[in-house]
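Presented below is the structure to which this report refers.
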Protein chains: 2
Amino acid sequence: MSEAVSLQTVVGVNVFAANCPSRSVLDHVTSKWGVLVIVALSGDTLRWGELRRSIGGISEKMLAQTLRVLEADGMVLRTVQATIPPRVDYQLTDRGRSLADRLIPLVEWVGDNAVEIVAGRPEAGAS
Amino acid sequence: MSEAVSLQTVVGVNVFAANCPSRSVLDHVTSKWGVLVIVALSGDTLRWGELRRSIGGISEKMLAQTLRVLEADGMVLRTVQATIPPRVDYQLTDRGRSLADRLIPLVEWVGDNAVEIVAGRPEAGAS
DNA sequence: GAAGGTACCCACTATTTGGTAAGCTACTAA
DNA sequence: TTAGTAGCTTACCAAATAGTGGGTACCTTC
């Protein structure tokens with residue numbers, strides 16, 4: 001059990017504790033849409049509409065909600081230009097970029113292994 | 001936009017496409033309890049009860065459900081010994097271990113940054 | 001004989017998450 | 001005049017997720 005224990009010891013807070021506030025952070029950074037938003041912004045600054053179009057299947061509601069959470073956690077910076085039509089830019093903060101460095105390998109892993117994993121799943125109604 | 005585009009190009013499938021099957025894999029590996037189970041098992045094999053006790057706050061139902069999903073995706077291996085009382089061991093497969101290699105840096109990042117992030121959040125009911 | 005441990009499953013309920021569709025402001029183009 | 005654009009917000013509803021409490025089987029300990 002050496003490794004798992006050392007993990008809990010090394011980090012400042014214990015993610016394995018039920019009431020640890022880090023749990024909320026973990027939930028945000030591993031949320032369904034949060035991951036994709038962070039990775040999408042890892043390339044460069046995107047406008048609202050660009051973000052919406054680049055993340056297939058996201059609804060406006062979910063995009064807005066996800067961006068608000070990520071902004072509150074200091075991962076994403078929102079810049080409004082009061083022009084007509086309005087222009088709103090989203091970019092990663094330093095913190096967001098350091099998070100993206102951890103998320104990109106994960107997303108790449110999913111991309112590399114997804115086909116195999118899906119193909120290997122037992123069928124739901126197998127006899 | 002070079003980086004974000006190259007990310008989509010490099011991986012075999014496009015995680016940004018709405019109907020891509022990789023989305024389900026992404027959902028599983030970033031699920032609330034899935035992350036903690038994988039990381040907990042990264043140290044070594046654990047029994048059902050050990051797993052339950054080491055992940056604070058998880059219910060039996062959620063642990064069972066999470067383990068079934070991870071087993072179906074080939075991340076976790078379940079070994080039953082038909083002794084009395086029954087003994088069931090859970091361990092990572094090779095695939096699970098390679099996933100853990102991507103998840104541990106993320107969880108460590110959360111552990112290192114959680115305090116700062118939580119402290120910096122705007123207060124909900126600020127005047 | 002009652003209680004406890006192990007590793008679950010099942011039904012029911014509650015909470016959270018997510019989707020759909022509409023509306024909003026202020027403009028421009030047809 | 002109507003439609004369209006940009007970037008949202010709100011209300012309503014469906015679905016997924018999560019918790020509770022019970023039951024199971026078989027044995028050991030009190």
Side-chain angles (χ1 to χ4, degrees), chain A residues 16-20 23-37 40-41 45-73 76-91 122 124, chain B residues 15-21 23-37 40-41 45-73 76-91 122 124:
Chain A
F16 288 97
N19 51 3
C20 185
R23 282 286 180 86
S24 70
V25 176
L26 188 63
D27 286 350
H28 292 171
V29 309
T30 60
S31 70
K32 172 172 175 154
W33 300 115
V35 174
L36 294 173
V37 167
L41 289 175
T45 300
L46 291 177
R47 299 182 60 175
W48 164 270
E50 293 171 332
L51 214 36
R52 174 146 169 55
R53 279 185 296 272
S54 64
I55 302 175
I58 196 169
S59 67
E60 300 199 328
K61 180 185 157 183
M62 278 302 107
L63 180 55
Q65 202 172 100
T66 304
L67 284 170
R68 257 183 278 132
V69 168
L70 293 178
E71 197 193 350
D73 276 5
V76 166
L77 188 67
R78 180 172 179 269
T79 318
V80 187
Q81 285 164 48
T83 54
I84 297 292
R87 180 191 174 98
V88 183
D89 289 308
Y90 293 93
Q91 58 188 305
Chain B
V15 197
F16 288 98
N19 52 2
C20 186
R23 281 286 179 85
S24 71
V25 176
L26 188 63
D27 286 350
H28 293 171
V29 307
T30 60
S31 71
K32 173 171 177 157
W33 300 114
V35 173
L36 295 172
V37 167
L41 289 176
T45 299
L46 292 177
R47 299 182 59 175
W48 165 270
E50 293 171 331
L51 213 38
R52 174 149 169 53
R53 281 185 296 272
S54 64
I55 301 176
I58 196 169
S59 66
E60 299 200 329
K61 181 185 155 183
M62 278 302 106
L63 179 55
Q65 202 173 101
T66 305
L67 284 170
R68 259 182 279 129
V69 168
L70 293 178
E71 198 194 350
D73 277 5
V76 166
L77 188 66
R78 180 172 179 270
T79 317
V80 187
Q81 284 164 50
T83 55
I84 297 291
R87 178 191 175 97
V88 183
D89 289 309
Y90 292 93
Q91 59 187 305

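Computed over heavy atoms, backbone and side chain alike; hydrogens, waters and symmetry mates excluded. Letters go in sequence order (proteins before strands), and every chain restarts at 1.
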With sequence neighbours excluded, residues passing side-chain contact (heavy atoms from CB on, under 4.5 Å) with A:Ala17: A:Asn14, A:Asn19, A:Cys20

Could you report the tightest heavy-atom contact between [X] and [Y], atom names first, then the distance?
{"X": "B:Lys32", "Y": "A:Asp27", "answer": "CG-OD1, 3.9 Å"}
{"X": "A:Leu51", "Y": "A:Ala40", "answer": "CD1-CB, 4.1 Å"}
{"X": "B:Ser54", "Y": "B:Leu46", "answer": "OG-CD1, 4.1 Å"}
{"X": "B:Phe16", "Y": "A:Leu36", "answer": "CE2-O, 3.5 Å"}

Within the 4.5 Å heavy-atom criterion, are [X] and [Y] side-chain neighbours or not?
{"X": "B:Asp89", "Y": "B:Gln81", "result": "yes"}
{"X": "B:Leu77", "Y": "B:Thr45", "result": "no"}
{"X": "A:Tyr90", "Y": "A:Glu50", "result": "no"}
{"X": "B:Val25", "Y": "B:Val15", "result": "no"}

What is the separation between atom [atom1] on [X] and atom [atom2] on [N], rounded to the nearest whole Å?
{"X": "B:Asp27", "N": "D:dA18", "atom1": "CG", "atom2": "P", "answer": "12 Å"}
{"X": "B:Leu51", "N": "C:dC8", "atom1": "CG", "atom2": "C1'", "answer": "13 Å"}
{"X": "B:Arg52", "N": "C:dC9", "atom1": "CZ", "atom2": "P", "answer": "14 Å"}
{"X": "A:His28", "N": "C:dT17", "atom1": "NE2", "atom2": "P", "answer": "8 Å"}
{"X": "B:Leu46", "N": "C:dT6", "atom1": "CG", "atom2": "P", "answer": "14 Å"}
{"X": "B:Trp33", "N": "C:dT16", "atom1": "CH2", "atom2": "P", "answer": "14 Å"}
{"X": "B:Lys32", "N": "C:dT15", "atom1": "NZ", "atom2": "P", "answer": "14 Å"}
{"X": "A:Ile55", "N": "C:dG19", "atom1": "CD1", "atom2": "P", "answer": "12 Å"}

Using a 4.0 Å heavy-atom cut-off, write out nucleotides 6-16 of chain D from 5' to 3' as B (base contacted by protein), S (sugar-phosphate only) or - (no contact). SBBS-BB----

Under 3.5 Å, N/O pairs linking protein and nucleotides 28-30 of chain D:
none

